Asker: 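Can you read through this structure? Questions will come right after.
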Amino acid sequence: MEIRLINKWLEGKGIKALHLLQNTKASDYFVKVVFSFDNDEDWTAVVPYKYRRSGLDINTEKDVAEYLVSIKPYFTKEIRKEWKKREWAKWEEVKKNVKNPEELVTIDFFKNLLSFKEEVDSFPDNPNPQRRFQDLKDQGYTISIYPIGGRKWGKMLLPIPLNPKMGYEVFTPQFKSRVIRLFNGINAYEAKKTAIKSLIPDHKFSEVRWDEDTKGENPMEMTDKEIIEKFQLLDNQRNQQKREVCRKCFQTGQRGKLFGIDFYPVGTGEWDKSVPQKGKAAEQGCIGCPWYDIEAWRKAVNEILKKAR
């Protein structure tokens with residue numbers, strides 16, 4: 001992606017692209033721009049063109065330019081004012097009926113973001129601020145989070161239409177219990193029973209490669225076979241570790257290893273370039289990665305060891 005080419009397509013549109021930014025932790029990509037208006041103040045914004053939460057995935061300079069033109073009207077002073085009034089009214093209603101104190105913390109985060117300008121350190125002191133940003137993103141808000149130098153990160157709420165509520169799939173207690181029961185409480189990573197309270201049903205197919213058509217519900221009507229094909233059990237630490245491995249694979253094309261062992265029963269350590277990067281068809285490229293199905297990988301290793309005896 002080149003700023004020069006984006007600006008070529010933006011000529012005469014009252015928009016200037018300044019530079020590109022990337023949040024490698026979230027696999028999100030942004031362009032910093034200035035929107036200019038005839039009878040209004042200029043407005044600087046950091047706009048995503050690849051944003052995993054909403055499924056936004058723009059790949060050419062022309063398409064980036066067209067997207068920027070399409071959202072420019074939302075950044076006028078009047079529209080920002082109306083958006084702020086409308087969305088804050090929703091949170092005022094929440095405050096009236098709030099029962100969980102944690103919801104108030106999220107409300108404070110949202111209030112600080114309503115300037116629509118870059119925020120750095122002006123957030124309530126909280127040991128887990130990323131959880132608050134995730135809560136807001138889950139509700140459909142577009143929040144750009146990007147590096148600004150050193151270890152600092154800029155955060156900017158954009159006054160654009162809300163995305164469909166994405167987030168990670170939520171399991172009912174009944175469904176979670178059923179999955180744990182089907183796997184006999186066996187932690188796939190440890191290959192042994194683990195305390196039930198620490199176990200999480202993990203999607204074998206990583207969320208980083210989903211698109212808007214991939215996410216599905218997990219009804220109790222799923223068959224046992226469907227559940228076993230779709231999930232494995234991990235504790236929270238390994239679940240987070242797997243997410244990081246899958247994110248790195250998505251960004252670099254390097255598939256993960258387990259215990260440092262360079263072995264893939266299907267494929268190699270390189271992502272198969274003939275397989276799509278995202279969407280249901282991308283799952284084919286995950287097969288053979290040890291993290292995709294840890295138990296299947298373990299069985300493949302044991303088969304080789306058995307034959308070598």
Side-chain angles (χ1 to χ4, degrees), residues 23 25-26 28 30-33 35 37 40-58 67-146 153-173 207 210-218:
N23 182 339
K25 293 183 178 180
D28 291 337
F30 309 90
V31 56
K32 188 170 187 177
V33 300
F35 294 109
F37 304 95
D40 203 349
E41 61 182 321
D42 289 356
W43 195 261
T44 301
V46 176
V47 177
Y49 61 91
K50 289 181 180 288
Y51 195 68
R52 189 159 51 89
R53 281 281 167 171
S54 65
L56 184 67
D57 187 17
I58 301 176
Y67 177 65
L68 292 173
V69 171
S70 73
I71 65 172
K72 179 183 176 182
Y74 296 111
F75 290 86
T76 65
K77 184 176 181 180
E78 189 61 32
I79 296 299
R80 293 198 313 269
K81 183 178 178 181
E82 291 177 2
W83 192 98
K84 178 178 180 179
K85 181 180 179 180
R86 181 177 65 252
E87 293 303 320
W88 182 242
K90 296 179 184 179
W91 288 97
E92 290 285 9
E93 286 299 315
V94 172
K95 288 177 70 175
K96 292 177 183 178
N97 304 297
V98 68
K99 294 181 180 179
N100 185 349
E102 286 195 5
E103 291 186 59
L104 292 174
V105 179
T106 300
I107 291 172
D108 288 340
F109 267 67
F110 183 74
K111 187 175 183 179
N112 283 340
L113 288 165
L114 280 174
S115 69
F116 306 122
K117 294 183 178 181
E118 183 175 89
E119 301 286 350
V120 182
D121 300 317
S122 58
F123 294 97
D125 185 25
N126 188 276
N128 190 13
Q130 293 307 317
R131 171 63 183 276
R132 308 306 158 196
F133 293 119
Q134 180 177 310
D135 287 345
L136 294 171
K137 288 181 177 182
D138 285 350
Q139 296 186 56
Y141 295 106
T142 296
I143 303 175
S144 298
I145 301 178
Y146 48 91
W153 292 78
K155 298 95 177 175
M156 184 181 295
L157 174 67
L158 303 186
I160 61 179
L162 272 59
N163 305 306
K165 291 186 179 180
M166 303 262 306
Y168 301 115
E169 290 189 308
V170 177
F171 307 109
T172 65
E207 183 258 1
W210 295 0
D211 61 13
E212 61 273 15
D213 297 321
T214 308
K215 180 183 174 183
E217 297 180 353
N218 300 304

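Quick caveat, the model's predicted, so the values are computed rather than measured.
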Asker: Measuring from atom CH2 of Trp83 to atom CZ of Phe75, what distance do you get when rounded to the nearest 0.5 angstrom?
Answerer: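 Going from the CH2 atom of Trp83 to the CZ atom of Phe75 covers 10.0 Å.
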Asker: In terms of side-chain geometry, is the basic nitrogen of Glu82 or Lys85 positioned less than 4.0 Å from the acidic oxygen of its partner?
Answerer: no
Asker: Can you check side chain to side chain contact (heavy atoms under 4.5 Å, CB included) on Phe37 and Lys72, steps first, answer last?
Answerer: CA-CA 9 Å; Phe37 304 95; Lys72 179 183 176 182; 3.6 Å; yes
Asker: Nearest 0.5 Å, what's the CE-CZ distance between Met156 and Phe30?
Answerer: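 Rounded to the nearest 0.5 Å, the CE-CZ separation comes out at 10.5 Å.
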Asker: Could you grab the distance from atom OG1 of Thr44 to atom CZ of Phe116, nearest 0.5 Å is fine?
Answerer: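 So the gap between those two atoms works out to 15.0 Å.
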Asker: Minimum heavy-atom separation for Ser70 to Pro73, with atom names?
Answerer: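 Of all heavy-atom pairs spanning Ser70 and Pro73, the closest is O-CD, 3.6 Å.
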Asker: In Å, rounded to the nearest 0.5 Å, how long is the span from CD of Glu87 to CG of Leu162?
Answerer: 5.0 Å
Asker: Gly154 and Glu118: which non-hydrogen atoms are nearest, and at how many Å?
Answerer: CA-CG, 4.1 Å
Asker: Could you tell me which non-hydrogen atom of Phe35 sits nearest to which non-hydrogen atom of Ala45, and how far apart they are?
Answerer: CE1-CB, 4.1 Å
Asker: If I compare all heavy atoms of Thr142 with all of Ile160, which pair ends up nearest, and what's the gap?
Answerer: OG1-CD1, 3.7 Å
Asker: Distance check, rounded to the nearest 0.5 Å: Ile145 atom CD1 versus Trp153 atom CH2?
Answerer: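 Interatomic distance, Ile145 CD1 to Trp153 CH2, rounded to 0.5 Å: 8.5 Å.
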Asker: Hey, are the side chains of Leu136 and Leu157 touching, using non-hydrogen atoms and a 4.5 Å cut-off?
Answerer: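 No. Closest side-chain heavy atoms not under 4.5 Å.
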Asker: Which heavy atom of Lys137 sits nearest a heavy atom of Tyr51, and at what distance?
Answerer: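 Heavy-atom minimum between the residues: CE-OH, 3.3 Å.
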Asker: Nearest 0.5 angstrom please: Thr76 OG1 to Lys81 NZ, how far?
Answerer: 11.5 Å
Asker: Do the non-hydrogen side-chain atoms of Lys32 and Tyr146 ever get within less than 4.5 Å of each other?
Answerer: no
Asker: Write down the atom of Leu158, the atom of Val47, and the distance for their closest heavy-atom approach.
Answerer: CD1-CA, 4.1 Å
Asker: How are the rings of Trp88 and Phe110 set to each other: parallel, tilted or perpendicular (split at 30° and 60°)?
Answerer: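 Aromatic pair Trp88/Phe110 classed parallel.
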